[in-house]
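Here the structure comes first, spelled out in structure tokens, and everything after it is commentary.
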Amino acid sequence: MKRGLYISIILLLATTGFAQRTNWQKALSCYQQDSLVCAAEYIDASIEDSSESKDAYAWHIRGFVYKSIFDNSKNPDKRSSARAIAIESFDKSLELDTIGDLSRNNKQGIKTLGVSFYNDGVRKLNRFNVQGALKDLDKHNITMRLVEPGYYNKEREFAIKKKSGIIYMDRYNDNKEENEIYFKKATEMFNEVLEIDSNDFLANLNSGVLYHNLAVDLLVKTKPELSILEVMELQEKHVNNMQRSLAYMTKAYTLKPNHPGVIRALAGAYYALHETEKYEFYNQKLLKLEGSHGNE
Amino acid sequence: MRVLIIITVSLLFLSASGYGQGGARKAVAAQKAIYFYSFATQVDWPEKFKSGNFVIGVYGDKELFQQLVSKLSSSKRGSQPFKIVEFNSPDDIGECHILYVDETKSDVISSKRKILKTNSTLVITSKKGVLVDGSIINFVYPSNRTMFELSKSNATKSKLVIGKQISSLAVEVQ
């Protein structure tokens, strides 16, 4: 990347003395000497200078200077602001570069920084910071779309959203009463995946698990002091949730017909819904696969 | 140089556990156990059975026994504390206010019919056609739901007065 910058610009400096140089040329000299503070001062002065502020090179160098600050700093705030300035600068350079000789490196700079948002998102997920990860995914997409307007990377999108869904699911399972909100958040994450690809196995499986367990919990965790009418209302909710689970699990079954977890869930759902023949079908299949009845 | 960090997916598999037939069996049993509370509180027993523990016996359904213990053992029917008893053989079946008999054990109803009637036992079952053998409330499963049918005549023979809500919500009353 740094090499690309040098190739783009080195010729411009060859015949110019330091005193005669523009601010961006001075910034480039500082940059070459790895003095990023000095480089930043000159390059910021450059874009404030009316004679240089319309120069694609000035913005191009500013992009590299601030990208280097982002790469080399350990301070999260400094990294964050440097990255934003770098992206803005590469983008501005692209806009001003009517000839197009800086285009390739400007786009590469933006893409590299765009990917860094994705990587930050993954790191945040590893620390269970879902909100942060999803914001970074948005920033990744916004940044990548500066150079590829229709950018959508299904693999990256799904990786973050599915893992986010799993983290929400785990939070919900940790304390279902206090963390009820995470049931909704988890199903929303999996739904976002399924809206793009209804054949995603893990999103179907985990959605099915969420609704299956909710259906079970409704009855198992309820206190019995209810009227018969209230019992029947509760049962309606139980049946609705179990049927929703069944829809996801049936889809998952079409994708992986020998997955024991899916077959176990289907057998359980049909048992709960009193569909004896279907329960027997899946129970027998599970028995053949695992040599057990699949009880937990 | 762009370096892409790859998310490992092992976590996705790990979290998809903790569901299946065990949970479903609990749910079906819990549904019945919740009904039991309503039956216990909306059926009137003869005066001589209104003191001491309110005994619910279960024959042939361990999951239901456990759900009844979990849901009812610390509650009362009026002043009567619930006592949940599991019977392992027909000979063990003693005096109880409610007796649940699993569908695989329903033969016991005919053989114990007289004593169950004498003890004003509310016999609850889960097998098609078993009301004619002396069951009073029988679980049935239309449209994926646990509902119940009722034999008012068997209840009357056992000197039990069935509450209006039970009668009105039964899918069939004989």
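The basis for the numbers below is simple: all heavy atoms, side chains too, and nothing from hydrogens, waters or symmetry mates. In this text, all values refer to a predicted model and were calculated from it rather than measured experimentally. Note on naming: letters A, B, ... go to the chains in the order of the sequence lines (proteins, then strands), and numbering restarts at 1 for each one.
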Checklist entry - In terms of the angle between their ring planes, are B/Phe36 and B/Phe39 parallel, tilted or perpendicular, with boundaries placed at 30° and 60°? => result tilted
Checklist outcome for this item: The interface call for A/Leu234 against chain B, heavy-atom contacts under 4.5 Å, is side chain
Next on the checklist: Less than 4.0 angstrom from a charged side-chain N to a carboxylate O is my criterion; do A/Arg123 and A/Asp120 meet it?
Outcome noted: yes
Checklist entry - Should the ring pair A/Tyr253 and A/Tyr282 be called parallel, tilted or perpendicular, given that the plane angle runs from 0 to 90° and is split at 30 and 60? => result perpendicular
Checklist entry - If only atom types and distance count, is the side chain of B/Asn138 paired as donor or acceptor with the main-chain N or O of B/Leu131 below 3.5 Å? => result no
Next on the checklist: Using a 6.0 Å distance limit plus a 45 degree cone around the ring axis, check whether A/Arg156 lies over the aromatic ring of A/Tyr118.
Outcome noted: yes
Checklist entry - Between B/Lys127 and B/Ser106, does any side-chain donor sit less than 3.5 Å from a side-chain acceptor? => result yes
Next on the checklist: Please classify the contact of A/Ser245 with chain B as side chain, backbone, both or neither, using a heavy-atom distance under 4.5 Å.
Outcome noted: neither
Checklist entry - Given that the side chain runs from C-beta out, which part of A/Gln243 has a heavy atom under 4.5 Å from chain B: side chain, backbone, both or neither? => result side chain
Item to check | Under 3.5 Å: donor-acceptor pair, side chain of B/Ser120, backbone of B/Ser158 | outcome: yes
Next on the checklist: Regarding A/Lys107 and A/Glu148, does a basic nitrogen lie under 4.0 Å from an acidic carboxylate oxygen?
Outcome noted: no
Item to check | Interface residues of residues 59-82 of chain B facing chain A - heavy atom cut-off under 4.5 Å | outcome: B/Gln67, B/Lys71, B/Leu72, B/Ser75
Next on the checklist: Quick check on A/Val239 against chain B: is it the side chain, the backbone, both or neither that has a heavy atom closer than 4.5 Å?
Outcome noted: side chain
